[in-house]
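Order of the sequence lines sets the chain letters (A, B, ...), proteins ahead of strands, with each chain counted from 1. These figures come from a predicted structure and were not determined experimentally.
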There are 2 protein chains.
Amino acid sequence: MAGYNGVTSADLPVKRQREDELENENGVSASSVSVEMEHKKEPDCISSVIPGWFSEISPMWPGEAHSLKVEKMLFQGKSEYQNVMVFQSSTYGKVLVLDGVIQLTERDECAYQEMITHLPLCSIPDPKKVLVIGGGDGGVLREVSRHSSVKQIDICEIDQMVVDVSKQFFPAVAVGYEDPRVTLHIGDGVAFLKAVPEGTYDAVIVDSSDPIGPAQELFEKPFFMLVAKALRPGGVVCTQAESIWLHMDIIEEIVANCHQIFKGSVNYAWTTVPTYPRQTPFLFNPSHIFSWHMLLLSYNYACANGQSQFSGVIGFMLCSTEGPPVDFKHPVNRIDADKSHSKAKGPLKFYNSEIHSAAFCLPSFAKKVIDSKLSEATFKSI
Amino acid sequence: MAGYNGVTSADLPVKRQREDELENENGVSASSVSVEMEHKKEPDCISSVIPGWFSEISPMWPGEAHSLKVEKMLFQGKSEYQNVMVFQSSTYGKVLVLDGVIQLTERDECAYQEMITHLPLCSIPDPKKVLVIGGGDGGVLREVSRHSSVKQIDICEIDQMVVDVSKQFFPAVAVGYEDPRVTLHIGDGVAFLKAVPEGTYDAVIVDSSDPIGPAQELFEKPFFMLVAKALRPGGVVCTQAESIWLHMDIIEEIVANCHQIFKGSVNYAWTTVPTYPRQTPFLFNPSHIFSWHMLLLSYNYACANGQSQFSGVIGFMLCSTEGPPVDFKHPVNRIDADKSHSKAKGPLKFYNSEIHSAAFCLPSFAKKVIDSKLSEATFKSI
């Protein structure tokens with residue numbers, strides 16, 4: 001749930017695009033800023049469209065706005081890669097925002113972190129080596145570390161500020177870093193994957209930003225090929241895969257791509273997260289949103305054009321490489337019965353074996369599209 | 001999904017409360033108003049907080065706002081019971097709003113209507129007599145009428161305007177009224193239930209407003225007792241039962257109440273509906289919101305106090321009376337395979353047998369509370 005895709009190599013457009021555009025823009029300070037403000041003393045940089053509220057909007061998905069009331073601004077900064085913001089909301093606890101997009105709220109982060117982690121790790125017996133790409137907030141690490149079979153947890157997150165901010169403001173999330181099995185690599189996820197010896201990991205979890213906009217290629221074949229190469233035979237990947245209510249066209253394409261790369265099984269699962277999906281909500285390139293003034297400009301533009309949307313659900317692609325077959329729908333690990341590794345992290349709040357299987361049951365409109373894509377892809381690959 | 005609870009008898013406070021308060025308020029016109037406006041020519045009655053947007057907010061659930069862009073206002077009126085409004089949104093199609101609360105959108109109504117109907121009707125063999133309380137828009141009727149075993153469909157809706165508006169603006173929803181098995185009773189749901197001979201129905205579907213505020217008693221024992229009396233032995237009821245993300249305290253109470261009344265089985269299921277839950281979002285009594293000016297006052301109040309919330313999910317209580325046992329989790333009718341009665345209504349978009357069973361799988365935080373309440377209630381009833 002770190003929100004940064006972790007990929008900025010020359011193979012992918014993220015960093016390149018941002019650098020190009022930065023070169024064309026003058027007079028914009030890129031220095032880090034941290035602010036602490038008193039309750040009720042809202043800074044003028046908060047949206048004046050709804051004074052005192054944070055509004056997440058999207059130029060790509062028109063017609064809906066989702067606003068959380070800002071009780072207190074806790075942190076605003078700019079890293080080398082993105083704007084980082086933390087505020088206290090009135091009902092969702094503390095909220096982490098990267099480039100204007102909600103990454104996690106204390107209230108509902110459990111659903112995302114637990115599902116993106118335990119759906120893959122409970123589907124294979126005794127996972128030992130796990131790689132997390134993105135996920136700098138540490139929430140996925142917290143969940144991975146509940147698995148006693150795991151011996152090695154690598155995480156590749158590009159933005160040190162996300163790690164630091166999470167440790168400062170979200171200790172219950174960043175607690176994942178305290179596990180001695182964790183090794184943090186600050187860097188580019190694609191470069192990291194390229195350097196990984198073939199067949200290293202039992203599971204890869206891609207806690208990325210959205211598969212539209214700059215991170216689009218993270219959901220395309222070249223990236224999936226790198227992931228497949230890094231996995232052992234019968235290894236599994238779980239990657240964030242958007243909302244069935246909003247992006248069946250994108251999901252359709254991801255399913256087709258995955259089915260061509262992963263020769264084991266390919267499945268789509270979903271869960272409820274009230275404050276999702278996170279989006280790339282800006283008129284501007286995200287790296288150019290340096291202040292709430294610019295956020296407001298984006299917001300006004302979106303309002304004027306009827307833009308932005310949410311759905312309350314988020315999906316995951318779950319795939320396995322050729323090898324020992326993986327039946328994702330029927331978990332083989334019952335993490336909910338394993339209490340040995342959960343003391344420091346508290347009990348599971350969301351995941352259990354029943355909700356694991358239920359996550360693969362799709363509404364008819366989504367099932368029809370996904371099943372059809374899987375059949376097509378199978379046909380093509382014969 | 002009619003939004004009106006259909007209960008205004010002396011036993012319940014809805015109508016009484018509204019009448020009392022109306023008596024204390026002077027100078028408020030209660031006459032019906034209908035307006036048609038051109039695209040882009042927004043009336044000044046639309047919220048000026050986000051100009052041109054409809055914002056659903058709640059004084060009861062603070063901290064979040066959910067806004068849909070109004071492309072065109074299609075209808076505004078006031079019935080004897082509530083304000084009725086229809087607008088064209090930019091992405092969710094036409095939207096029906098009662099007393100400022102979203103009741104249905106063309107885009108996601110399928111999820112609610114199909115689940116609230118087929119969860120009960122697919123759980124018993126050959127349902128013949130079905131009662132719908134509320135549901136004036138006709139969407140539940142449309143779904144009930146897919147069941148070829150059904151011989152009689154009674155609906156008790158208090159507000160004729162909801163029926164008329166649905167027929168005018170939502171023909172794909174109101175199509176349910178075209179089924180010759182349907183008899184519409186305009187009136188009070190509780191009075192209707194009191195007059196029903198014992199054991200009349202195989203299934204009762206309560207398409208009500210929220211179990212907080214005026215409709216609270218619809219989720220309490222006296223109402224459930226009337227429903228139980230109207231059902232045959234082994235008959236089933238399905239009633240809207242809020243969101244696990246927002247109201248576990250309310251759900252807990254409903255579960256306990258139902259378990260005391262329904263001696264068959266008592267279950268909680270849930271589904272995703274992006275624009276839900278609908279709420280009672282007003283500072284004022286809903287019957288006093290006569291215009292967008294007042295809606296704006298409410299909205300401003302809510303903004304100032306950090307109020308309103310959404311979750312993207314809605315739940316259902318599914319109970320059966322003593323008699324032939326009902327296993328709600330394993331449907332006995334496969335409506336998704338029955339195409340004989342769906343031609344005029346189009347195919348099912350959301351419901352299938354898999355999603356039926358999955359709807360009963362709860363996240364751990366909700367499962368814990370509900371299971372505990374069921375155990376307690378069982379203990380007490382021994």
Side-chain angles (χ1 to χ4, degrees), chain A residues 49-53 55 61-71 89-92 107-108 110-111 114 243-246 270-276 303-313 336 347-352 354-368, chain B residues 49-53 55 61-71 89-92 107-108 110-111 114 243-246 270-276 303-313 336 347-352 354-368:
Chain A
V49 176
I50 311 182
W53 290 59
S55 295
W61 302 313
E64 197 158 350
H66 174 205
S67 307
L68 286 177
K69 181 158 170 62
V70 178
E71 288 286 329
S89 70
S90 63
T91 50
Y92 276 83
R107 182 162 171 189
D108 65 9
C110 62
E114 293 183 19
S243 161
I244 50 169
W245 283 110
L246 301 178
W270 61 306
T271 194
T272 160
V273 183
T275 53
Y276 270 22
C303 280
N305 292 278
Q307 293 170 340
S308 144
Q309 203 161 67
F310 83 100
S311 75
V313 303
D336 44 342
L348 286 165
K349 291 177 186 166
F350 194 93
Y351 178 89
N352 56 56
E354 281 185 9
I355 208 111
H356 179 127
S357 297
F360 293 89
C361 299
L362 301 174
S364 297
F365 73 86
K367 186 175 160 59
K368 189 178 167 188
Chain B
V49 176
I50 310 182
W53 289 60
S55 295
W61 302 315
E64 197 158 349
H66 174 205
S67 307
L68 287 176
K69 180 159 170 64
V70 178
E71 288 286 331
S89 69
S90 64
T91 49
Y92 276 82
R107 182 163 172 190
D108 65 8
C110 63
E114 293 183 19
S243 160
I244 51 169
W245 282 110
L246 300 178
W270 61 306
T271 193
T272 160
V273 183
T275 54
Y276 272 21
C303 280
N305 291 278
Q307 294 169 340
S308 144
Q309 204 160 69
F310 82 100
S311 73
V313 304
D336 45 343
L348 286 167
K349 291 177 185 164
F350 194 93
Y351 178 89
N352 56 54
E354 280 184 11
I355 208 112
H356 178 127
S357 297
F360 294 89
C361 299
L362 302 174
S364 297
F365 72 86
K367 186 174 160 60
K368 189 178 168 188

Nearest heavy-atom approach of A:Asn352 to B:Ser364 is ND2-OG, 3.2 Å
So, the part of B:Leu362 with a heavy atom under 4.5 Å from chain A: the answer is backbone
Hits for side chain to side chain contact (heavy atoms under 4.5 Å, CB included) against A:Lys368, two or more places apart or cross-chain, chain-then-number order -> none
Check your understanding: Should the ring pair A:Phe350 and B:Trp245 be called parallel, tilted or perpendicular, given that the plane angle runs from 0 to 90° and is split at 30 and 60?
Key -> parallel
Per-residue tally against chain B (heavy atom, under 4.5 Å) across A:Ala366, A:Ala358, A:Ala111, A:Ser357 peaks at A:Ala358
Of A:Thr271, A:Ile355, A:Leu348, the one forming a side-chain contact (heavy atoms from CB on, under 4.5 Å) with B:Pro363 is A:Ile355
